[in-house]
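All remarks here apply to the structure that follows.
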Amino acid sequence: MEGAIKTVVMQYLSSARGKENVSGKNFQKLVKSQMGNILSDTDSSSAIKDMMKGLDDNQDGKVSFQEYLSLVGYLANSMSERKTSASGPEEAAKH
Amino acid sequence: MPSQLETAMETLIMVFHRYAGKEGRNGTLTRRELRLLMENELSGFLKSQKDPTTIDRIMKDLDANGDGEVDFEEFVSLVVGLSIACEACYRAQLTNTQSWNL
């Protein structure tokens with residue numbers, strides 16, 4: 001689990017390229033390369049732009065570490081919910 | 001094939017559910033389950049935490065809805081907190097080594 005946290009942090013840091021925040025362009029690359037399987041529309045640059053606007057609380061056109069973590073947290077939550085609801089009826093059928 | 005980030009998120013979900021399924025309600029961590037998870041999965045990060053009241057404090061901080069157990073959404077706050085703590089540390093390491101090609 002420590003390795004997983006390290007990956008979450010490192011993916012952000014390598015996209016930030018030594019800067020404080022991730023630029024719009026590098027955020028596009030990050031989403032396309034790392035979230036292609038869990039998000040639809042990652043082929044669409046405008047969809048990613050819209051998502052970034054939604055995340056960008058302070059509207060500075062960049063993605064801060066906090067904003068990135070909100071996205072990762074949100075995605076993990078929905079993945080976890082999908083998993084539990086998917087196994088729900090199956091589990092119930094066994095009993 | 002899942003990306004590194006997707007695999008990491010899968011791992012977090014799997015670890016949570018592995019411990020949440022041990023006792024009590026299935027989709028939540030009891031105090032004991034949280035303690036086991038932290039002892040077994042976060043021993044490197046929390047090495048210096050030998051104080052037995054630490055777990056009570058963390059439990060109270062995480063349990064946003066006050067039901068005495070930690071659900072996945074509340075567990076995510078722990079992950080976020082640890083990530084923020086690690087970010088400063090990894091950033092310093094990277095600056096020292098100048099290696100951006102991970």
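To find a chain, count down the sequence lines: A is the first, B the second, and so on, and within it residues start at 1.
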Modelled atom types, side-chain donor and acceptor of A/Ser80 and B/His17, under 3.5 Å: yes
If you count heavy-atom pairs under 4.5 Å with chain A, which of B/Leu82, B/Val79, B/Thr7, B/Ile84 comes out on top? B/Ile84
Hey, are A/Asn37 and B/Glu6 close enough side-chain-wise for a donor-acceptor pair under 3.5 Å? yes
If only atom types and distance count, is the side chain of A/Gln34 paired as donor or acceptor with the main-chain N or O of B/Gln4 below 3.5 Å? yes
Which answer fits A/Tyr74, side chain, backbone, both or neither, if we ask what part of it has an atom under 4.5 Å from a heavy atom of chain B? neither
Top contributor to chain A contacts, counting heavy-atom pairs under 4.5 Å, from B/Val80, B/Asn26, B/Asn40, B/Leu37: B/Val80
Honestly, the part of B/Met14 sitting under 4.5 Å from a heavy atom of chain A is neither
Interatomic distance, OH@A/Tyr12 vs CG@B/Leu5, rounded to 0.5 Å, equals 13.5 Å
I'd like to know if B/Glu87 and A/Lys6 make a salt bridge, using a cut-off of under 4.0 Å between side-chain N and carboxylate O. no
Taking all atoms of both residues into account, what is the closest heavy-atom pair of A/Met1 and B/Phe75, and its distance? CE-CZ, 3.5 Å
Any heavy-atom pair between the side chains of B/Met9 and A/Met79 that's under 4.5 Å? yes
In terms of heavy-atom pairs under 4.5 Å with chain A, which of B/Thr11, B/Leu42, B/Val76 leads? B/Leu42
Which answer fits A/Leu30, side chain, backbone, both or neither, if we ask what part of it has an atom under 4.5 Å from a heavy atom of chain B? neither
With a 4.5 Å cut-off on side-chain heavy atoms, are A/Thr84 and B/Phe72 touching? no
Value for OG (B/Ser83) from CD (A/Gln66), rounded to nearest 0.5 Å, stands at 10.0 Å
Atom group of A/Ser33 that falls short of 4.5 Å from chain B, counting heavy atoms: backbone
Testing the basics here: between B/Ile13 and A/Ala76, what is the closest heavy-atom pair and its distance to 0.1 Å? CD1-O, 3.7 Å
Counting C-beta onward and ignoring hydrogens, is there a side-chain heavy-atom pair between A/Val9 and B/Arg91 closer than 4.5 Å? no
Among the options A/Leu69, A/Asn77, A/Ile5, pick out the one with the most heavy-atom pairs lying under 4.5 Å from chain B. A/Asn77
CD on A/Gln11 to OG on B/Ser3, rounded to 0.5 Å: 7.0 Å
